[in-house]
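Note that ligands are numbered from 1 as they come in the structure, with each ligand's atoms numbered from 1 the same way.
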Amino acid sequence: MSARNPGMDLDLEWVSKVRVNTQAVLKRAQQIQSVKLAKKQWQAAWLLKAVTCIDLTTLAGDDTHSNVHRLCLKAVQPVPYDLLKSMGMHDRGLTTGAVCVYPSRVADAVKTLKAANSSLPVASVATGFPAGQTPLRVRLEEVRGAVADGAAEIDIVINRTLALTGQWEAMYDEIRQFREACGDAHMKTILAIGELGTYTNVYKASLVSMMAGSDFIKTSTGKESVNATYPVAIVMVRAIRDYFLRTGHKVGFKPAGGIRTAQESLVWLALMKEELGDEWLSPHLFRLGASSLLADIERQIFHYVTGRYPALHELPMA
Ligand SMILES: O=C[C@H](O)COP(=O)(O)O
């Protein structure tokens, strides 16, 4: 992760002046989706880059020690060794950006990664994920518990009630407290954009989250009916850019929810490159939150290396 965002005092005047031009946002999102994407070996290289930015996620009610164990081993070796060898990439220590699990599974993940001699960070959702509808003291306790169990990154959810009713000061105060509870763990703030109503609200929530010291802002929990969309991403990365220009602090971006194909991962990378520049193309400032994206990326890399798509048994860990 890059240097932390210390945040700043809440600037309500800045927040109140925010207006988002919906037509301009939609047009820009269209343009991004029609950007020419890399082909052949360049595409394979971009796909490996995407792999390094994945927060390999499992957030299911039936998560157990064993599927978290498998997830961690997959995160440590996300692409089969022989495919990497064919690409001359077998000795680069390629891993995903992190694994992401519920708080009660953090200890399992930390244990597996330690046994595998890996320093891969464990991220944990917290603060009453996904709805955030538990008392503040419980949400804070959850953050502290996940950090105590070894999570190096905490994905908090914002209080949508406060955002929808324009209580920005109260939202700022809550996020500040989460930041303090995180200690040295980096904090990603999930806006749950599918529940924020307007692009203006998304921009304001992004700004307040960054002012309160978020190291990343993240689109969604993956549990809302609308998750990571390109127009919303344009709004959020523009807020990141404006915050950087005003404060000099770089905040990362994490689209999450419903990202399933290699092709989509290339569009997300193109969006970051075009909107924020090359510096935001690393796991320090960009993550893709996804539970099943890696499988399709592996298929495409297999195709690049062998000239055909794999049978199911050829990528058993996918
Ligand atoms: O934060 C990550 C998301 O929960 C993953 O969503 P997904 O299962 O739709 O990939």
Side-chain angles (χ1 to χ4, degrees), residues 1 47 50-64 67-68 70-72 74-75 78 96-106 109 120-132 139 142-143 146 151-158 160 178 182 185-196 202 205-206 209 214-230 232-233 236 251-269 272 283 285-300 317-318:
M1 286 264 182
L47 289 176
V51 168
T52 66
C53 295
I54 293 177
D55 277 2
L56 194 63
T57 300
T58 183
L59 295 171
D62 59 359
D63 284 342
T64 60
N67 75 304
V68 167
R70 277 199 307 277
L71 183 91
C72 291
K74 187 66 191 161
T96 65
V99 292
C100 181
V101 295
Y102 272 119
S104 52
R105 300 269 70 86
V106 168
L120 194 74
V122 174
S124 180
V125 296
T127 70
F129 180 97
R139 284 179 277 148
E142 208 185 358
V143 173
E153 302 176 6
I154 301 291
D155 290 22
I156 63 151
V157 292
I158 65 162
R160 275 82 98 188
F178 295 146
C182 281
H186 286 232
M187 184 172 79
K188 310 194 198 95
T189 298
I190 308 174
L191 304 186
I193 56 83
E195 296 179 347
L196 290 186
V202 169
S206 303
S209 300
S214 304
D215 298 298
F216 266 69
I217 52 174
K218 169 174 169 182
T219 59
S220 318
T221 64
K223 312 290 185 192
E224 294 86 47
S225 54
V226 177
N227 292 289
T229 70
Y230 300 117
V232 147
M236 292 175 71
V251 171
F253 178 62
K254 177 175 171 183
I259 303 171
R260 311 242 185 279
T261 67
Q263 180 79 5
E264 287 169 87
S265 72
L266 296 174
V267 177
W268 283 110
L269 286 169
M272 295 307 287
L285 288 169
F286 179 61
R287 297 287 177 83
L288 288 155
S291 57
S292 54
L293 167 66
L294 182 57
D296 192 51
I297 294 184
E298 265 191 280
R299 267 170 54 78
Q300 301 307 328
M317 287 285 280

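T96 places no side-chain N or O within donor-acceptor distance of the main-chain N or O of T52, the cut-off being under 3.5 Å. Side chain of E224 to main chain of I193: no donor-acceptor pair is present (N/O by atom type, distance under 3.5 Å, no hydrogens or angles). No donor-acceptor pair under 3.5 Å is formed between the side chain of R287 and the backbone N or O of L285. T57 places a side-chain N or O within donor-acceptor distance of the main-chain N or O of D55, the cut-off being under 3.5 Å. Remark: side-chain polar atoms of D155 are not paired, donor with acceptor, to backbone N or O of K188 under 3.5 angstrom.
Considering backbone and side-chain N/O atoms, S292 never comes within less than 3.5 Å of an N/O atom of ligand 1. The distance criterion of under 3.5 Å between nitrogen or oxygen atoms is met by G258 with respect to ligand 1. Of the N or O atoms in T57, none lie within a sub-3.5 Å distance of an N or O in ligand 1. The shortest N or O to N or O distance between K218 and ligand 1 is under 3.5 Å. On a distance-only criterion, K254 and ligand 1 share no N/O pair closer than 3.5 Å.
Which parts of ligand 1 touch A290 is read off a 4.0 Å heavy-atom cut-off, strictly below it: atoms 10 (O). Close approach to G257 involves these atoms of ligand 1, each under 4.0 Å from a residue heavy atom: 6 (O), 9 (O). When each atom of ligand 1 is checked for a heavy atom of R260 under 4.0 Å away, the hits are 7 (P), 9 (O), 10 (O). Atoms of ligand 1 found under 4.0 Å from any heavy atom of T221 (numbered from 1 in listed order, with element): 3 (C), 4 (O).
With a 4.0 Å heavy-atom cut-off, ligand 1 is reached by the side chain of A256 but not by its N, CA, C or O. At a heavy-atom distance under 4.0 Å, only side-chain atoms of L59, from C-beta outward, approach ligand 1.
Note on K74 versus E298: salt bridge recorded, some NZ/NE/NH1/NH2 to OD/OE distance being below 4.0 Å.
Here the NE2-CD1 distance, from H186 to I154, works out to 11.5 Å after rounding to the nearest 0.5 Å.
Using cut-offs of 30° and 60° on the angle between ring planes, the pair Y102 and F129 is perpendicular.
Ligand 1 has no atom lying under 4.0 Å from any heavy atom of C100. Not a single heavy atom of K223 sits closer than 4.0 Å to an atom of ligand 1.
Given atom 8 (O) of ligand 1, the protein heavy atom at minimum distance is S291 OG, 2.5 Å.
No side-chain donor-acceptor contact under 3.5 Å links S209 and T189.
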